[in-house]
Visitor: 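Just dropping this structure here.
Numbers restart at 1 for each chain; the letters A, B, ... are given by sequence-line order, proteins then strands.
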4 protein chains.
Amino acid sequence: MQPDQPVRTGRAKRLPRAVRERQIMDAAVDVFSRLGFHAASMDEISEVAGISKPMLYAYLGSKEELFATCIRREATVMMEAIANGIEPDQPPDVQLWSGLRAFFGFVGENRASWQVLHRQASSQGGPFAAELAEMRGRAVNLVAALLVHATKTQDVPSASEQEAESLAAALVGAGESLADWWLDHPDEPAGVVASRLMNLVWMGFGDLVQGNIWHPPSKRP
Amino acid sequence: MQPDQPVRTGRAKRLPRAVRERQIMDAAVDVFSRLGFHAASMDEISEVAGISKPMLYAYLGSKEELFATCIRREATVMMEAIANGIEPDQPPDVQLWSGLRAFFGFVGENRASWQVLHRQASSQGGPFAAELAEMRGRAVNLVAALLVHATKTQDVPSASEQEAESLAAALVGAGESLADWWLDHPDEPAGVVASRLMNLVWMGFGDLVQGNIWHPPSKRP
Amino acid sequence: MQPDQPVRTGRAKRLPRAVRERQIMDAAVDVFSRLGFHAASMDEISEVAGISKPMLYAYLGSKEELFATCIRREATVMMEAIANGIEPDQPPDVQLWSGLRAFFGFVGENRASWQVLHRQASSQGGPFAAELAEMRGRAVNLVAALLVHATKTQDVPSASEQEAESLAAALVGAGESLADWWLDHPDEPAGVVASRLMNLVWMGFGDLVQGNIWHPPSKRP
Amino acid sequence: MQPDQPVRTGRAKRLPRAVRERQIMDAAVDVFSRLGFHAASMDEISEVAGISKPMLYAYLGSKEELFATCIRREATVMMEAIANGIEPDQPPDVQLWSGLRAFFGFVGENRASWQVLHRQASSQGGPFAAELAEMRGRAVNLVAALLVHATKTQDVPSASEQEAESLAAALVGAGESLADWWLDHPDEPAGVVASRLMNLVWMGFGDLVQGNIWHPPSKRP
DNA sequence: TATGAATGAGGATTCATTCAT
DNA sequence: CATGAATGAATCCTCATTCAT
């Protein structure tokens, strides 16, 4: 991400605060994603960012605050990417499909962000639990809303809130897990992976084992 | 779990080695599950175990070895629980169903074990990556095998290995995520949660939104 | 040496790195010489140096690195003192004599340095063996070269390399041992001690017991 | 020394105290010589000795006591070997020669003993200083007495006590150093090494560089 | 503002030594 | 007598955090 980080030397140029902050957070995301929260040291982050440690503290507070800020930023960016990807005013399956595509697209292009969000964040029990639970909660709610909406358009008793939420949680987990799997098998294109998950959650194994497959609408007759 | 940890005082009673070892590992699982690998200190583990640190090292080796041993033990126990729960010689859906029931049953009754396995373990990059990847890999392979087997009994082109593996990874992730969700909503019975996941992965949303639901065989005509 | 080490309190004054480094190494040599490598603790060294342990590590690395650095510094200083003391272009006996004078002069004025070099260093088997063997080796080679040179100016079959080396080793050992003895009998002047060794190795007991004594050239007729 | 130490198992046979003690001290000398005082652990010593740690303590006290006892025993044995080797009623040079032969003979056949005495012992500042100083002092005195005796048989003013002692110290140091050198060049026979030292200290470099060599009496006309 | 210098606090690990069986 | 089990007390080392320039 920051190729060829030259050994910093001398005094850093004065930069507008916003730019500095971005610079620092990029470095932090890089380091956190590589080493995890605990193993990452403020020393390394400041080095990668090209500034001195006191600046780090002046700009972004303690290590925990910095981590939380990173999480928030990355999560927001990702959620926006997904939200932008979803095509509203389309039937539920198409909405889901576009959401999945956006998600895997984002992961593919922002590995570091994804790793910070998923791997590092989920394990740190303490002060991030809240932060993260909220982030993840947003994703789950998005999916749950979609499910509820889909149910309502049908003539079936709408699912209970708990049910929708739990199904959404499962779906989100499936996405996360599949994204991780994908990182270890990067040769497959994003679309293929997304379509697998789409088939799993929309058609179910029951159909899949019978050869019934879900296709994007453009390919449908 | 061990509320009111009394301050240990005096010399610990002499116990045969095997007993002490189990005692220590139970304590370790408890602490690791609460705090995560890094935040857990050998001091606290030894305190919870009711022994001195040197015993910890004498019996279980370094912190990393201890952690790995915990993971192995918990994973083995869980995998056995699931394997025992699966009813062989049944159609694929029933096998899957029984596996899911066993899984959620285990999680419900062994929260600490589950947390060590899922949350703590997934993030520690270092020497546990291998250990854990293998454990999770076993679970994924179990599911993948089931999928492949299901496909073969049908008259469809059997899924590629990659496809089966990725679907299995997704399913496992869904299970993990749902199990976590469940820990935050403990009022629901295990069976209900398991059945939700079963419906999701077997029927798919496509069916669910139309009111089609999967039922355990005993309820089928 | 530093009696009444006052309890350090408050923050140490800011000093340029080079100065601090010297200060620390002086302290380290002091402590190592008094206690030996193993018994010396980084805690005590940092206390004597008047700084906190983290500075110790920041500046000089691990305990082993610190020790090795001390050895190197002291050995270099001593070897330079000796090399500077030797008068080249003089007959072998005069060269030897000036070397011995320089050696005892150095030991007399740098007791701590000497003790680190001799007592502490020789026993630590581990990573210093190499370091030290090299240092001592240099001294031995210096003497051996002198011997070989002396032989060549005469009309005798020049000594084998092994022979020269072993004799040099013996001489160096005699010097070391005599220096140690001297530390316990500090009332004798350096010149007297040096002259005793000179007589021993140049004249030999055979002459000594007959009253034949070696004199510095200025006193010769 | 104790080849093929079998893993001890079960209860040690009851043995008379003296035998046990020897067994333990042999093990201790072995371990101390290999690892040095600090690095040697009571655990390893007890293992090598084939008994349990409490026995170690029961028989030989603390680690320091054990070490001191080892030193004493080895030193005594060595001193006896040398004393036995010296031929009394012979001229001083022959006495010295026989003493040197005995010394190098002992070192060659008891490397472990020698290493404990020389390398390990000299560096441990604390409680062994006394012990060791005394041992070494005995050797020095032996040599000093020889020198004084030699002087008296001549018609020269007998050397001062200090002078004799310092010369003896130098000679002992030369012997030690040469013995160490020999350990690193074991291909040379003991006699050759001894004779080198004899020539150095009896004839002196002054004679050696002129080709004058000391020969054992049997070869003299 | 920007930083080199400095530290308090804590964590893993080892060892000599001793009970209790 | 002989031992497996147990521990107090150190020791090395690291890191988040802050002062003083």
Visitor: I'd like to check D/Arg22 versus D/Arg73 (side-chain heavy atoms, cut-off strictly below 4.5 Å). Are they in contact?
Guide: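 Result yes, sub-4.5 Å side-chain heavy-atom pair found.
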Visitor: What is the distance, rounded to the nearest whole Å, between atom NE2 of C/His38 and atom C1' of E/dT14?
Guide: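 Interatomic distance, NE2 of C/His38 to C1' of E/dT14: 11 Å.
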Visitor: If you assign B/Arg14 and D/Met42 each to the DNA chain E nucleotide with the nearest heavy atom, which residue ends up on the more 5' nucleotide?
Guide: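 So the residue in question is D/Met42.
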Visitor: To the nearest Å, how far apart are B/Glu65 CD and E/dA12 P?
Guide: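 Going from B/Glu65 (CD) to E/dA12 (P), I get 14 Å.
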Visitor: Report the residue (D/Ser62 or C/Pro54) whose heavy-atom-nearest nucleotide on DNA chain E is the more 5′ of the two.
Guide: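 By nearest-heavy-atom nucleotide position, the 5'-most residue is C/Pro54.
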Visitor: May I have the distance from A/Tyr57 (atom OH) to E/dA2 (atom P), rounded to whole angstrom?
Guide: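 For the pair A/Tyr57 OH and E/dA2 P, the rounded distance is 18 Å.
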Visitor: Take atom NZ of A/Lys63 and atom C1' of F/dC15, then tell me their distance rounded to the nearest Å.
Guide: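 Rounding to the nearest Å, NZ of A/Lys63 and C1' of F/dC15 are 8 Å apart.
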Visitor: So do A/Trp114 and A/Glu74 actually touch side chain to side chain, heavy atoms under 4.5 Å?
Guide: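 A side-chain contact under 4.5 Å is absent here.
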Visitor: Whole angstroms only, please: what is the CZ-P distance between D/Arg17 and F/dA2?
Guide: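 Those two atoms, CZ and P, are 10 Å apart.
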Visitor: Angle class for the A/Phe32/A/Phe67 ring planes (parallel below 30°, perpendicular above 60°, tilted otherwise)?
Guide: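 It falls in the perpendicular class, over 60°.
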Visitor: Taking CG from D/Leu60 and P from E/dT17, how many angstroms apart are they, rounded to a whole number?
Guide: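 About 13 Å, once rounded to whole Å.
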Visitor: Whole Å only: how far is the CG atom of D/Leu56 from the C1' atom of E/dT18?
Guide: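 Rounded to whole Å, this separation is 13 Å.
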Visitor: Is any side-chain nitrogen or oxygen of C/Arg20 closer than 4.0 Å to OP1 or OP2 of E/dA6?
Guide: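 Yes.
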Visitor: Touch check for D/Ala40, heavy atoms < 4.0 angstrom, all strands: base, sugar-phosphate only, or nothing?
Guide: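 Sugar-phosphate: the residue D/Ala40, judged by heavy atoms under 4.0 Å, touches backbone atoms but no base.
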Visitor: By nearest atom, which of the nucleotides F/dT7, F/dC13, E/dA16 is closest to the B/Ser52 side chain?
Guide: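 The closest nucleotide is F/dT7.
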Visitor: Can we say D/Glu134 and D/Arg72 salt-bridge, meaning some charged N sits less than 4.0 Å from an Asp/Glu carboxylate O?
Guide: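 Not counted as a salt bridge, because no side-chain N and carboxylate O are separated by less than 4.0 Å.
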Visitor: Searching all strands shown, indicate the nucleotide that pairs with E/dA20 (Watson-Crick or G-U wobble; both distances under 3.5 Å).
Guide: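 Base-paired to F/dT3.
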Visitor: Think D/Tyr59 has a side-chain N or O under 4.0 angstrom from the OP1 or OP2 of F/dA2?
Guide: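 Checking F/dA2 against D/Tyr59, a side-chain N or O does come within under 4.0 Å of OP1 or OP2.
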Visitor: Side-chain contact, heavy-atom cut-off 4.5 Å: B/Asp26 with B/Val48?
Guide: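 The answer is no; the side chains never approach within 4.5 Å.
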Visitor: Contact class for C/Met55 vs. all strands (heavy atom < 4.0 Å): base, sugar-phosphate, or nothing?
Guide: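 The residue C/Met55 makes base contact.
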Visitor: In terms of the nearest nucleotide of DNA chain F, which residue is placed more toward the 5' end: C/Asp43 or B/Pro16?
Guide: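 The answer here is B/Pro16.
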Visitor: How close or far is atom P of E/dA5 from atom CD of C/Glu21, stated in whole angstroms?
Guide: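 Rounded to whole Å, this separation is 10 Å.
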Visitor: So, does the side chain of B/Lys53 form a donor-acceptor pair with the base of E/dT13 at under 3.5 Å?
Guide: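 For B/Lys53, whose side chain was compared with the base of E/dT13, there is a donor-acceptor pair (under 3.5 Å).
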Visitor: Of the nucleotides F/dC13, F/dT7, E/dG11, which one has an atom closest to the side chain of B/Arg11?
Guide: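 Taking heavy atoms from C-beta onward, the closest nucleotide is F/dT7.
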Visitor: Given that C/Ala39 and B/Lys13 both sit by DNA chain F, which one's nearest nucleotide is further toward the 5' end?
Guide: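 That would be B/Lys13.
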